[in-house]
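Working notes, beginning with the structure itself.
So that the names make sense, note that chain A is the first sequence line, chain B the second, and so on, each numbered from 1.
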Amino acid sequence: MKEYNHLKIEKKWQSEWQKKKVYQTKNNFKQKKFYVLDMFPYPSGVGLHVGHPRGYIASDVYARMKRMSGYNVLHPMGYDAFGLPAEQYAIEHKINPEKAVAINVKTFEKQLSVIGLSYDWERRVNTTDPEYYKWTQWIFLQLFNSYYDTKKNKAQSINVLVKIFEKSGNKNVSAHSGNVEVFSASEWKNFSLLKKQEILMQYRLAYEADTEVNWCQNLGTVLANDEIVNDKEGKMVSERGGHPVEKIKIKQWLMRITAYAERLIDGLEKLDWPNSIKEIQKNWIGKSEGSEIEFKIKNSNKKIKVFTTRADTIFGATYVVLAPEHELVFELKENILNWDEVLAYIEKTKSEEDADRIAEGKEKTGVELKNIKVINPANNEELSVWIADYVLAGYGTGAIMAVPMHDQRDRDFAVRFNLPIIDKPFVDAKEITEKVGGKVVKKYKMRDAIFARQRYWGEPIPLSRDKNGIINEVKKLPLVLPKVKSYEPTGKAEGPLAGVSSWVKAGYETNTMPGWAGSSWYFLRYMDPKNKKNLVGDKEIKYWKNVDMYVGGAEHATGHLLYSRFWHKFLKDINIAVTEEPFQKMRNQGMILANDGRKMSKRWGNVINPDDMVKTYGADTLRLYEMFIGPFDQYAAWSTESIIGPRRFLERVWRLVDKVDVKAKSSKEFLNSLHKTILKVTEDIENMRFNTSVSALMILLSEIEKEEKLNKEDFKKFLQILAPFAPHMSEELWNLLGEKKSIHISGWPKSENKFMKQDEVKIAVQINGKVRTELVVETDISEDMIKKIVLANDVVDKFLNGQTPKRVIYVKNRLINIVV
RNA sequence: GCCCAGGUGGCGGAAUUGGUAGACGCGAUGGACUCAAAAUCCAUUGAUGGCAACAUCAUGAGAGUUCGAUUCUCUCCUUGGGCACCA
């Protein structure tokens, strides 16, 4: 057998597979389907390091096993290329982002192509392709044209709502957020177009509103909350570059994700996802159940509505606090004796950034509304009313009843301002809520998502506004992003599109969609990527349904993974998607760190390039090593020293071919190991425990090497279970054995029970829980028999030293423990 | 502060989910082959004591449950991740 030349073999098979379309996914709608998906990357242009392909290799191993097991596997790859990173790259390198993306995609594919991943490249999608974002825009319009029917608990066409308004006004339809005045049917008919538009805006799932946003002057853009971090002093800075961030108010588009809060929480239960991700999402949505209770204001017909999760402590309430921004404060202006002081406090909180509020520490501040008293509905006691910044306008009702006995924050405040702290017994929360005329409600911390960026490189929002301010849909999609001279930030809270006069004249939005728009539905497009008429064909979606196994980084827990679930639920409501959830099963890969335990980065000079590894050791070795390096979902430190292990393993496999003999008879021991390993590798891949399956293959190799001559059929089984990990070498050897069809569609071997039985087992003999000796006995020996043998044993006799055993515990085929 | 996930040899990590701790790989040491080196093969490799058989200790620390604990319970230390004045 000639030397193992990985360069030649790998190149040969990669082009062969491509030529024969071995990995092409066909629409065989009668075959069992399996959809294995990687989170698609930003082609960043920096190039990949050795940590990036870890997830791709894992999903590839998984996909290959499923494909060999007889599933029709959908395993595609594509690019998420809109968004800030691509735009920044274009600005830095002074090139058109479109060109930058094309270059980066090329680099990326070149680097990936040598690893031997079994993607069906013909299905690749790119979010910046007008033929793709046409459908992103289409989804936006569907959201714009829908409202959330809280009774049916699903999205409905906005036309349904208009009909309701025409028939009976809005007294039976509450807006999901915001305050909408109640109007009758006849009033509705008399409203102006603009007024109608304003009202409907309170209901639409994609809607425009005044928002307080995080403005970053240096980046010239508005940032999402998850794009902001706190620096050492607690000040808000951008995650990218660490530039200062401040709050400003602008009008922009939002997505009413809060309408789906309940379904987003409920859906988590049935998902096979890492627990930590589910927890993060649950906390992020932040559901709490509590009571809304009204406190009457003395000498007024107004009431303060508070939200509490502890209605059971209502008898211990000693004062009431409003958020400084609460509108009631202004309504009560005439009655407040210290208005100047109150106003000063309101102004002060306004100018403060959230970060400053936190940085201030736990010190509570606030001002009493002098001359305002409320009545506790539980016991008719008179309570004072305060405003304080520790009560947030945006959560609950923006007002609380303070129970300093049971709440630390209330206690801090009470101590600071010398307010009473009283201990009263608990009552039943539900009962008391009903008794005082309150309401049991659910609240969520999650806010609606801003769906606009003051940027160039994103999907244009397909709406236009005429001179009267009336919004119209763009009828012909895609609304193509126009070419501009400059992608630089304008320095104002509007995007570069504001500088394109024809665009502005047409009344188009100058904001573009955020980075997550295109990535929130791409998995559906892979099912039918070239469909010109529909987002996805009916037959295709009914067959592929959803992603069965999703692999990617855990950092998307509150971004991509939440938004995708939201859009998918919406698409289900409008009868596009057929499942409630997009990703049934998900696993996160752990990062690969450099030798020194730090992240791989140019800055540290510790980057290992996959191309170099492939050149020196081969793709198969790299694949095996990355799977062997440690538990898939945990961090692992790269060690170029250790990669030699898997390489040696492959060289030993290579040498086996000389031993292959059609007439050879496999030994009992070998057959036993082979079938046990088939079972183990199958189960391990299924559970993403790649490290132990590689280890199992190594153990099996040692067993094979003990064979004088190798039975061909049994050796082929070994190659088949090796194939997902080392696709090139297994294909080469498979071919050398005279097989014409690719090993990767050759089937998956079955572990047969008849080979897995063993005649004898080793049993540990313990005395008082300590192992003293070992015995080899026949498998499944009876308890009586083993007892007799053990008690007659010399070593046991020595340790017993004449004592009679009090108890004997026998674990079948494993151990026997004698207790004295 | 609250919520998750970790902590096992020199290193990466195994352990059938309560049943022989350290599989597998790297590294190291010794040997074979070679004029020599590389590669390959063989042996040893948790610590301590002992010529040895063997014994004792050992899974972040301390307790507990159990015949038996890396695994379950409690307290604490520590490293990551998430949330954070959310009523």
- [ ] Provide the distance between the two P atoms, one in A15(B) and one in A84(B), to the nearest whole Å.
- [x] 36 Å
- [ ] Would you indicate what L697(A) reaches in the nucleic acid, counting non-hydrogen atoms under 4.0 angstrom: base, sugar-phosphate, or nothing?
- [x] nothing
TODO: Please determine, for G25(B), whether a Watson-Crick or G-U wobble partner exists with both distances under 3.5 Å, and give it or none.
DONE: C11(B)
Task: S276(A) side chain, from C-beta outward: closest of C4(B), G25(B), U20(B) - done: C4(B)
Open item on the list: By the rule that syn is within 90° of 0, classify the base conformation of U17(B) as syn or anti.
Closed with: syn
Open item on the list: Tell me if G9(B) is syn or anti. Syn = glycosidic torsion within 90° of 0, anti otherwise.
Closed with: syn
Open item on the list: From the set A87(B), C24(B), G19(B), return the single nucleotide nearest to any side-chain atom of V391(A).
Closed with: A87(B)
Task: H675(A) side-chain N/O to M756(A) backbone N/O, donor-acceptor pair under 3.5 Å - done: no
- [ ] Just compare G25(B), C3(B), A87(B) and give me whichever is closest to any side-chain atom of F628(A).
- [x] G25(B)
Task: Closest to side chain of V771(A), choosing from G68(B), A21(B), U56(B) - done: A21(B)
- [ ] Would you mind classifying the nucleic acid contact of L815(A) as base, sugar-phosphate or nothing, using non-hydrogen atoms under 4.0 angstrom?
- [x] base
- [ ] Measure from CD1 on I644(A) to P on A38(B) and round the result to the nearest Å.
- [x] 14 Å
Task: Of A764(A) and F799(A), the one whose closest RNA chain B nucleotide lies more 5' - done: A764(A)
Open item on the list: For a quick test of reading the model: is some side-chain N or O of R772(A) closer than 4.0 Å to OP1 or OP2 of A55(B)?
Closed with: yes
TODO: Please tell me which of the listed nucleotides, U20(B), A15(B), G25(B), lies nearest to the side chain of R652(A)?
DONE: G25(B)
TODO: Scan S639(A) against the nucleic acid and name what it touches under 4.0 Å (heavy atoms): base, sugar-phosphate only, or nothing.
DONE: nothing
Open item on the list: Base, sugar-phosphate or nothing for S695(A)? Non-hydrogen atoms, less than 4.0 Å.
Closed with: base
Open item on the list: Under 3.5 Å for both donor-acceptor distances, Watson-Crick or wobble: does C51(B) have a partner, and if so which one?
Closed with: none
Open item on the list: So if I take every side-chain heavy atom of N691(A) and compare against A23(B), A87(B), A14(B), which nucleotide ends up nearest?
Closed with: A14(B)
Open item on the list: What I want to check is whether an N or O donor and acceptor connect the side chain of K806(A) with the base of C67(B) at under 3.5 Å.
Closed with: no
- [ ] Please determine if a side-chain N or O atom of N768(A) lies less than 4.0 Å away from the OP1 or OP2 oxygen of G68(B).
- [x] no
- [ ] Would you kindly give the NZ-to-C1' distance between K364(A) and G1(B), to the nearest whole Å?
- [x] 12 Å
Open item on the list: Is the terminal nitrogen or CZ of K585(A) (NZ for Lys, CZ for Arg) located under 6.0 angstrom from the six-membered ring centre of Y550(A) and within 45° of that ring's axis?
Closed with: no
TODO: Name the nucleic acid region contacted by Q766(A), choosing base, sugar-phosphate or nothing; use a 4.0 angstrom heavy-atom cut-off, strictly under.
DONE: base
Task: Inter-nucleotide C1' distance (U29(B), C77(B)), Å rounded - done: 37 Å
- [ ] Looking at every strand, decide which applies to I809(A) at a 4.0 Å heavy-atom threshold: base, sugar-phosphate, or nothing.
- [x] base
Open item on the list: Please give the distance between the P atoms of G18(B) and U73(B) as a whole number of Å.
Closed with: 11 Å
Open item on the list: Quick check for you: among A87(B), G12(B), U56(B), whose closest atom lies nearest to any side-chain atom of I629(A)?
Closed with: G12(B)
- [ ] Please answer whether the main-chain N or O of F725(A) pairs with a side-chain N or O of R623(A) as donor and acceptor at a distance below 3.5 Å.
- [x] yes
- [ ] Compare the minimum distances between each of U40(B), U20(B), C83(B) and the side chain of W284(A), then state the nucleotide with the smallest one.
- [x] C83(B)
Task: Base partner of C76(B), which must satisfy Watson-Crick or wobble distances under 3.5 Å - done: G60(B)
Open item on the list: Strictly distance-based, threshold 3.5 Å: is any side-chain N or O of D797(A) a donor or acceptor partner for the main-chain N or O of N793(A)?
Closed with: no
TODO: Name the pairing partner of U40(B), where a pair is Watson-Crick or G-U wobble with both distances under 3.5 Å, or state none.
DONE: A32(B)
- [ ] Determine, step by step, whether Y617(A) and Y625(A) satisfy the ring pair (Phe, Tyr, Trp, His ring centres under 6.0 Å) criterion, reporting the C-alpha distance in whole Å, the side-chain angles of both residues, the deciding distance to 0.1 Å, and the verdict.
- [x] CA-CA 10 Å; Y617(A) 300 99; Y625(A) 179 60; 9.0 Å; no
Task: N817(A) side-chain proximity, nearest of G68(B), U20(B), A87(B) - done: G68(B)
Open item on the list: If I take atom CG in residue L322(A) and atom P in nucleotide A87(B), what distance separates them, rounded to the nearest angstrom?
Closed with: 18 Å
TODO: Considering just the side-chain nitrogens and oxygens of R807(A), establish if one lies under 4.0 Å of OP1 or OP2 belonging to C67(B).
DONE: yes
Task: NZ or CZ of R310(A) within 45° of F426(A) ring axis and under 6.0 Å - done: yes
Open item on the list: I want to check one thing: is the phosphate of G25(B), taken as OP1 and OP2, less than 4.0 Å away from some side-chain N or O of Y625(A)?
Closed with: no
TODO: For C85(B) and U71(B), measure between their C1' atoms and round to the nearest Å.
DONE: 40 Å
Open item on the list: Can you tell me whether the side chain of N283(A) and the base of C83(B) have a donor-acceptor pair closer than 3.5 Å?
Closed with: no
TODO: Indicate, with a heavy-atom threshold strictly under 4.0 Å, whether F649(A) touches base, sugar-phosphate, or nothing.
DONE: nothing
- [ ] Give a yes-or-no answer on whether the side chains of N606(A) and D596(A) include a donor-acceptor pair shorter than 3.5 Å.
- [x] yes
Open item on the list: When both hydrogen-bonding distances must be under 3.5 Å and the geometry is Watson-Crick or G-U wobble, what is A87(B) paired with, if anything?
Closed with: none
- [ ] Could you check how far CH2 of W638(A) sits from P of G13(B), rounded to whole Å?
- [x] 14 Å
Task: Distance below 4.0 Å between K445(A) side-chain N/O and C85(B) OP1 or OP2 - done: no
Open item on the list: Using a heavy-atom cut-off of 4.0 Å across all strands, would you classify F413(A) as base, sugar-phosphate, or nothing?
Closed with: nothing
Task: Phosphate OP1/OP2 of C26(B): any R648(A) side-chain N/O under 4.0 Å - done: yes
Task: Ring-face cation contact, Y390(A) with K364(A), 6.0 Å cut, 45° max - done: yes
Task: Sidechain-backbone polar pair: H326(A) side chain, A323(A) backbone, donor-acceptor under 3.5 Å - done: no
- [ ] Quickly work out the H556(A) NE2 to G81(B) P distance and round it to whole Å.
- [x] 16 Å
TODO: Specify the separation, in whole Å, of atom CZ of R814(A) and atom P of A15(B).
DONE: 13 Å
Open item on the list: Under a 3.5 Å threshold, yes or no: a donor from one side chain and an acceptor from the other, between Q408(A) and D412(A)?
Closed with: yes
Task: Nearest-Å distance once atom P is located in both C41(B) and C24(B) - done: 15 Å
Open item on the list: Under 4.0 Å, counting only non-hydrogen atoms across every strand here, what does P274(A) touch: a base, just sugar-phosphate, or nothing?
Closed with: nothing
Task: C2(B) - base-pair partner by Watson-Crick or wobble geometry, distances under 3.5 Å - done: G82(B)
TODO: Round to a whole Å and report the spacing from OH of Y319(A) to P of A87(B).
DONE: 16 Å
Open item on the list: Rounding to an integer number of angstrom, what distance separates A39(B) and G27(B) when you compare their P atoms?
Closed with: 9 Å
Open item on the list: Once you apply a heavy-atom cut-off of 4.0 Å, does Q634(A) come out as touching a base, just sugar-phosphate, or nothing?
Closed with: nothing
Task: Value in whole Å for how far the P atom of U56(B) lies from CD1 of I767(A) - done: 11 Å
Task: Y390(A), nearest nucleotide to its side chain (from G25(B), U40(B), C85(B)) - done: C85(B)
- [ ] Please check the phosphate of A87(B) (OP1 and OP2 only) for any side-chain N or O of S288(A) closer than 4.0 Å.
- [x] yes
Task: Comparing G398(A) and A636(A) on RNA chain B - which has the more 5′ nearest nucleotide - done: A636(A)
